[in-house]
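Here's the structure we're looking at; comments come further down.
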Amino acid sequence: DKYLRPLKDAAFKTVANDLATEKEGSVLDARQGKALNDLKLNIAKVINNLLTTEEGFALDARQGKVLDDKITELNGKLQDSGWLPMTSSVAFANKPAFRKIGKTVYVKGTVRYSDNGIFRNDEAIGQIPEGFEPSSTYGQYECIIPFAFCSGSGTDERIYITGRNIYFAGTSNARDGILASSCYLTD
């Protein structure tokens with residue numbers, strides 16, 4: 001009794017010789033201490049880089065922040081603006097729309113004056129949304145978007161973008177046009 005008294009009620013607990021026991025009040029057999037020791041993470045096997053491909057290494061928690069930053073950066077590059085119409089001080093019945101996903105700007109739609117006015121060559125017709133500026137130039141133009149159909153009798157009707165400004169270009173006196181599906185890159 002004098003040997004059991006210092007152990008208190010621990011001497012009367014169920015001894016578990018496995019790591020799966022969930023029974024309340026059980027104590028762990030000393031042999032399981034060795035099993036736990038064998039399972040513990042070897043600090044020498046913890047790496048603080050994203051380059052190691054060898055099996056058996058654990059990633060340092062600091063790399064979690066690095067990975068989160070990279071994911072945030074990628075998500076930012078893939079943000080979608082949704083479709084935004086061309087802005088203009090002139091009344092249009094139909095306006096082209098622009099959508100930016102990452103660095104790519106997509107263009108769709110038709111363009112037609114509300115009063116059935118006629119487009120003139122190199123006429124400014126509106127502006128693209130801010131931040132949608134093309135990243136490169138094609139001769140004097142930054143971006144050329146052809147018409148798939150135009151009501152005029154000329155050829156090569158298109159709109160072009162310089163800075164944020166949108167211009168009509170062509171040889172006809174067109175009243176309206178359907179833009180060809182197009183896209184261009186931004187910075």
Side-chain angles (χ1 to χ4, degrees), residues 4 6-88 94-111 126-139 141-146 148 159-166 179-187:
L4 294 178
L7 297 175
K8 299 189 182 330
D9 61 342
F12 304 102
K13 299 280 185 183
T14 304
V15 177
N17 191 20
D18 63 68
L19 296 175
T21 299
E22 295 181 4
K23 184 178 175 189
E24 187 177 332
S26 297
V27 293
L28 202 55
D29 188 287
R31 289 173 288 190
Q32 293 307 314
K34 177 167 179 356
L36 287 171
N37 189 54
D38 292 345
L39 292 174
K40 77 177 181 184
L41 182 62
N42 179 352
I43 291 181
K45 292 280 192 172
V46 176
I47 54 154
N48 187 21
N49 68 58
L50 295 175
L51 304 174
T52 302
T53 58
E54 188 178 334
E55 184 179 324
F57 285 87
L59 197 58
D60 188 289
R62 292 173 285 185
Q63 290 303 318
K65 168 92 169 84
V66 173
L67 289 171
D68 185 59
D69 289 349
K70 288 182 182 289
I71 291 167
T72 300
E73 179 184 347
L74 286 172
N75 285 338
K77 289 180 179 179
L78 297 177
Q79 286 188 347
D80 185 345
S81 69
W83 288 104
L84 302 173
M86 167 185 82
T87 57
S88 178
N94 302 93
K95 297 180 189 179
F98 298 81
R99 180 180 195 167
K100 185 176 178 182
I101 302 174
K103 291 186 175 190
T104 304
V105 176
Y106 299 89
V107 185
K108 73 171 187 175
T110 61
V111 60
Q127 288 193 318
I128 59 174
E130 190 172 341
F132 286 46
E133 295 85 348
S135 62
S136 59
T137 59
Y138 307 96
Y141 311 115
E142 292 181 11
C143 180
I144 300 171
I145 301 166
I159 61 174
Y160 66 90
I161 301 169
T162 300
R164 287 190 54 215
N165 295 315
I166 304 171
L179 297 173
S181 295
S182 299
C183 65
Y184 61 89
L185 296 177
T186 64
D187 289 326

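The first residue of the sequence shown is numbered 1, and numbering continues consecutively from there.
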Interatomic distance, CG@Leu84 vs CD@Glu130, rounded to 0.5 Å, equals 12.0 Å
Quick note, salt bridge (Lys or Arg N to Asp or Glu O under 4.0 Å) partners involving residues 48-65, not counting sequence neighbours, are Asp60-Arg62, Lys65-Asp69
Q.
Using the rule given for side chain to side chain contact (heavy atoms under 4.5 Å, CB included), can you reason through Ile161 versus Phe132, listing the C-alpha separation, both sets of side-chain angles and the distance that settles it, and then say yes or no?
A. CA-CA 10 Å; Ile161 301 169; Phe132 286 46; over 6 Å; no
Subject >> Sub-4.5 Å side-chain heavy-atom contact between Thr14 and Thr21 >> reply: no
### Query
Is a side-chain donor or acceptor of Thr186 paired with a backbone partner of Lys103 at a separation under 3.5 angstrom?
yes
Any non-hydrogen side-chain atom of Ile166 less than 4.5 Å from a side-chain atom of Val111?
no
Taking every heavy atom of Asp18 against every heavy atom of Ala20, the minimum-distance pair comes out as OD1-N, 2.8 Å
Is the closest side-chain heavy-atom distance between Ile128 and Pro134 below 4.5 Å?
yes
* **Steps toward side chain to side chain contact (heavy atoms under 4.5 Å, CB included) verdict (Leu185, Thr104)** => CA-CA 5 Å; Leu185 296 177; Thr104 304; 3.5 Å; yes
Heavy atoms of Ile145 and Ala180 approach each other most closely as CG2-O, 4.2 Å
Atom CG of residue position Leu74 - does it have more than 12 heavy atoms of other residues, nucleotides or ligands inside 6.0 Å?
yes
Assess the residue pair Lys40 and Asn37 against the criterion (side-chain hydrogen bond (donor to acceptor under 3.5 Å, both in side chains)); give the C-alpha distance rounded to whole Å, side-chain angles, the decisive distance to 0.1 Å, and a yes or no.
CA-CA 5 Å; Lys40 77 177 181 184; Asn37 189 54; 3.2 Å; yes
Interatomic distance, CD@Glu133 vs OH@Tyr184, rounded to 0.5 Å, equals 7.5 Å
When every non-hydrogen atom of Pro129 is compared with those of Pro85, the smallest separation belongs to CG-O, 4.4 Å
Minimal heavy-atom distance between Trp83 and Ala97, with the atoms involved, is CZ3-O, 3.5 Å
Inset, instruction - May I ask you to test the Leu36-Leu28 pair for a side-chain heavy-atom distance under 4.5 Å? - result: yes
Rounded to the nearest 0.5 angstrom, the CG-CG distance for Leu39 and Asn42 is 13.0 Å
Stepwise side-chain hydrogen bond (donor to acceptor under 3.5 Å, both in side chains) test for Thr52 and Asn49
CA-CA 7 Å; Thr52 302; Asn49 68 58; 3.1 Å; yes
Short question: side chain of Gln32, backbone of Asn17 - any donor-acceptor pair under 3.5 Å?
yes
Side chain of Ser182, backbone of Val107: donor and acceptor closer than 3.5 Å?
no
Between Met86 and Phe98 the two heavy atoms that sit nearest each other are CB-CE1, 4.0 Å
Item checked: Donor-acceptor contact present, side-chain Gln63 to main-chain Ala61, <3.5 Å -> no
